[in-house]
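Below is one structure. I have some questions about it.
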There are 2 protein chains.
Amino acid sequence: MKALDTKSALLAEAENLVRTKGYASFSYADLAERVGIRKASIHHHFPTKEELGAVLIDTYLERFTAQLKELGAEDIDTRSKLLTYGDFFAASLEDGQMPLCGALAADAAYLPASLQERVRIFFELHLEWLEAVLREGAAKHDFKLSRPYRKTALMLLSALQGASIVAWALKDPSVIKPVFRQLVEGLAAK
Amino acid sequence: MKALDTKSALLAEAENLVRTKGYASFSYADLAERVGIRKASIHHHFPTKEELGAVLIDTYLERFTAQLKELGAEDIDTRSKLLTYGDFFAASLEDGQMPLCGALAADAAYLPASLQERVRIFFELHLEWLEAVLREGAAKHDFKLSRPYRKTALMLLSALQGASIVAWALKDPSVIKPVFRQLVEGLAAK
DNA sequence: GACTGCCTACCAACTGGTAGATAGTCTGCA
DNA sequence: TGCAGACTATCTACCAGTTGGTAGGCAGTC
């Protein structure tokens, strides 16, 4: 088997495991079973669990960064941008998985330091994107906002992370969209 | 040592451990070290980890239920009730701990079923309380709300859970109050 | 003596790893 | 063209440490 296939299979399965049972609970044995190689072989691709976690977060961040960049550049109104952003989270839950960094963040205090740092970067990235969209929306008079925009960005991000948690605990993915929608509607300048 | 002392010491330490490193990562060995008895002795008080978890959540729920009942009965305006409710979450983070059920909820998919059920009950309890306060506030014309109130309750609870997560990941407890405050202000009938 | 609350000793299962062996593939050189 | 060596990707075997537990014993109290 080609290294690229195995490596990406390992990453895909690791992501699924972290997003369904958390970083602490998933093991190389779980991965071995799912990918069909021996546990010890995984170390060839990822020498330590921490390194696997780091690569996992980095690739997730790259994907998400690209997604947000694309969404930010779309020629649609800022309200739709925000709602589409919220849809990313809802889609996660509908797939039966927590968003990765929400899954990791709850455990942040005992993640290895390199992973904690990456989770923080994830959140900062999201806040910056939200701020940019809010700024754009305020400039276009789509939103009526008080400064600093970061405060509103924090509110929106918190609501989505929290809605994911609540939806996860209640096993009801339909929680997310209405929560976020009413917040976005509340930003309207009207 | 009296059983009541040891048992409550175990529960207190277990709560702290769950709220700082999660249910999956804490062990009877951690508890043994903190309370100063041997690991095997813990089984005398709590035969299984699941039972310890169940008792932990039940006692937390009782405390929280009493707190919410007390707060709900206070002769203050409904806005203050909500803000005080939000302060419970902020106080948790300022203590260097996640709120218990937020810590558990992220891991909900692989908690033992009896614990998953308790986490769900926790959230339902909070939603009911929030709904009651929102209903009271709407009747007094403190709030301008659309029905169903549960939708707004979900939004508020989500924001607090999420703000706890974001604050935890960013190691910045000051995130919570401003997030919640602006949401509560946004409910004002004005 | 009965009960409580601790202890030691032990268990199977599991964790993330280390180390060396093997087999297949590729490349360079005679 | 064939062969040897290097490389890749897997394997077996093993490791120390850890987990939540079981079982029986001991000491203190009533």
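Each chain gets a letter, A, B and so on, in the order the sequences are listed, and its residues count up from 1.
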Kindly indicate whether a cation-pi arrangement holds for B/K69 with B/F64, taking the cut-offs as under 6.0 Å to the six-membered ring centre and within 45° of the axis.
no
Can you tell me which nucleotide in D/dG20, C/dG5, D/dT10 comes closest to the side chain of B/Y28?
D/dG20
Of the listed nucleotides (C/dG17, D/dT8, D/dG20), which one gets closest to any side-chain atom of B/K49?
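Among C/dG17, D/dT8, D/dG20, the one nearest the side chain of B/K49 is D/dG20.
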Taking NE2 from B/H45 and C1' from C/dC6, how many angstroms apart are they, rounded to a whole number?
8 Å
Tell me the interatomic distance from A/Y23, atom OH, to C/dT15, atom C1', rounded to whole angstroms.
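Taking atom C1' of C/dT15 as the reference, OH of A/Y23 is at 12 Å.
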What contact category does B/F46 fall into here, base, sugar-phosphate, or nothing, at under 4.0 angstrom with non-hydrogen atoms?
nothing
Against the side chain of A/R38, the closest entry in D/dT12, C/dG16, D/dG21 is D/dT12
Which listed nucleotide (D/dG21, D/dA9, C/dA19) is nearest to the side chain of B/A40?
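Among D/dG21, D/dA9, C/dA19, the one nearest the side chain of B/A40 is D/dG21.
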Quickly work out the A/L10 CG to D/dT10 P distance and round it to whole Å.
8 Å
Under a 3.5 Å threshold, yes or no: a donor from one side chain and an acceptor from the other, between A/D95 and A/S92?
no
Regarding A/D87 and A/T84, do their side chains bring together a donor and an acceptor under 3.5 Å, going by distance alone?
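There is no such pair (donor and acceptor under 3.5 Å, judged by atom type) between the side chains of A/D87 and A/T84.
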B/K39 NZ to C/dC7 C1', in whole Å, measures 14 Å
Candidates D/dG20, D/dT10, C/dG16 - which lies nearest the side chain of A/S27:
C/dG16
Rounded to the Å, how far apart are A/I37 CD1 and C/dG24 C1'?
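Rounding to the nearest Å, CD1 of A/I37 and C1' of C/dG24 are 16 Å apart.
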Can you tell me if the side-chain N/O atoms of B/S41 get under 4.0 Å from OP1 or OP2 in C/dG5?
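Indeed not, no polar side-chain atom of B/S41 lies that close.
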Neighbour count above 12 (heavy atom, 6.0 Å) for B/R120 CZ:
yes
How close or far is atom P of C/dC6 from atom NZ of B/K7, stated in whole angstroms?
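Taking NZ of B/K7 and P of C/dC6, I get 12 Å after rounding.
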Measure the distance from NE2 on A/H43 to P on D/dC11 and round it to the nearest whole Å.
13 Å
Would you say B/H44 places a side-chain N or O within less than 4.0 Å of OP1 or OP2 belonging to C/dG5?
yes
